[in-house]
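Sharing a structure, written as structure tokens. Questions coming.
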Amino acid sequence: MAPAKKKTSAFMKPMKLSKELEAIVGKGPMPRTKVVKKMWDYIKKHKRQDEKNRRNIIPDEKLAKVLGKKTLDMFQMTKALSKHITS
């Protein structure tokens, strides 16, 4: 008897990305998990974390198009990203 196929998690489903988000993470479609990982890669590479409170993200020009212009907490990032990710 063949093993049952595992259903792909909703988080792993490739999603369409906005042009602004693609400018940061690369060409889509890609799963949400990969989008978040690539966002963190960008944030760390460009030193966009607050030195005193590393949970805060200070957007540069590219990030501001996706996350907004104000400093935001890393937990608010996923909410901001959802506006740029569609199925």
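The first residue of the sequence shown is numbered 1, and numbering continues consecutively from there.
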query: Once you round to the nearest 0.5 Å, how far does CD1 of Ile43 lie from CE of Met77?
result: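 Reported value, rounded in 0.5 Å steps: 5.0 Å.
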field: Over all atoms of both residues, closest heavy-atom pair of Pro14 and Pro29
entry: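 That closest heavy-atom pairing would be CB-CB, 4.0 Å.
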field: From CE (Met12) to OG1 (Thr33), nearest 0.5 Å
entry: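 Here the interatomic distance stands at 4.0 Å.
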query: Are Trp40 and Lys45 side-chain neighbours, meaning at least one heavy-atom pair lies under 4.5 Å?
result: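 SC-SC contact between Trp40 and Lys45 ruled out.
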message: I need the Lys38 NZ to Met30 CE distance, nearest 0.5 Å.
response: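 Separation between the atoms: 5.0 Å.
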query: Which atom pair, heavy atoms only, marks the closest approach of Ser82 to Lys79?
result: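 Between these two residues, the closest heavy atoms are OG-O, 2.6 Å.
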field: Identified side chain to side chain contact (heavy atoms under 4.5 Å, CB included) partner of Val25 from the options Leu81, Val66, Leu17
entry: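 Among the candidates, only Leu17 passes.
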- prompt: When you check the gap from the basic side-chain N to the acidic O, do Asp41 and Lys37 get nearer than 4.0 Å?
  reply: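 Lys37 and Asp41: salt-bridged.
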message: I need the minimum non-hydrogen distance between Ile57 and Met74, along with the two atoms involved.
response: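 Nearest heavy atoms, Ile57 then Met74: CD1-CA, 4.0 Å.
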query: In Å and rounded to the nearest 0.5 Å, what is the OG to NZ distance from Ser87 to Lys13?
result: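 With rounding to 0.5 Å, OG (Ser87) is 5.0 Å from NZ (Lys13).
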- request: Please check if the side chain of Arg48 supplies one atom and the backbone of Ile58 the other of a donor-acceptor pair under 3.5 Å.
  value: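 Yes, Arg48 side chain to Ile58 backbone: donor-acceptor pair under 3.5 Å.
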message: Has Glu22 got a side-chain atom pairing as donor or acceptor with Gly28's backbone, closer than 3.5 angstrom?
response: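 Such a contact is found between Glu22 side chain and Gly28 backbone.
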message: Closer than 3.5 angstrom, by distance alone: can the side chain of Glu20 be matched with the main-chain N or O of Lys65 as a donor-acceptor pair?
response: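 Here the side-chain-to-backbone pair does not exist.
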query: Within a strict 4.5 Å, meaning less than it, do heavy atoms of the Leu72 and Asn56 side chains meet?
result: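 A side-chain contact under 4.5 Å is absent here.
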query: Do the side chains of Pro31 and Met15 get nearer than 4.5 Å, heavy atoms only?
result: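 A side-chain contact under 4.5 Å is absent here.
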field: Separation of Leu67 CG from Lys83 NZ (nearest 0.5 Å)
entry: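 Reported value, rounded in 0.5 Å steps: 10.0 Å.
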task: Quick one: do Met39 and Leu21 satisfy side chain to side chain contact (heavy atoms under 4.5 Å, CB included)? Show the steps, please.
output: CA-CA 9 Å; Met39 282 293 289; Leu21 185 55; 3.8 Å; yes
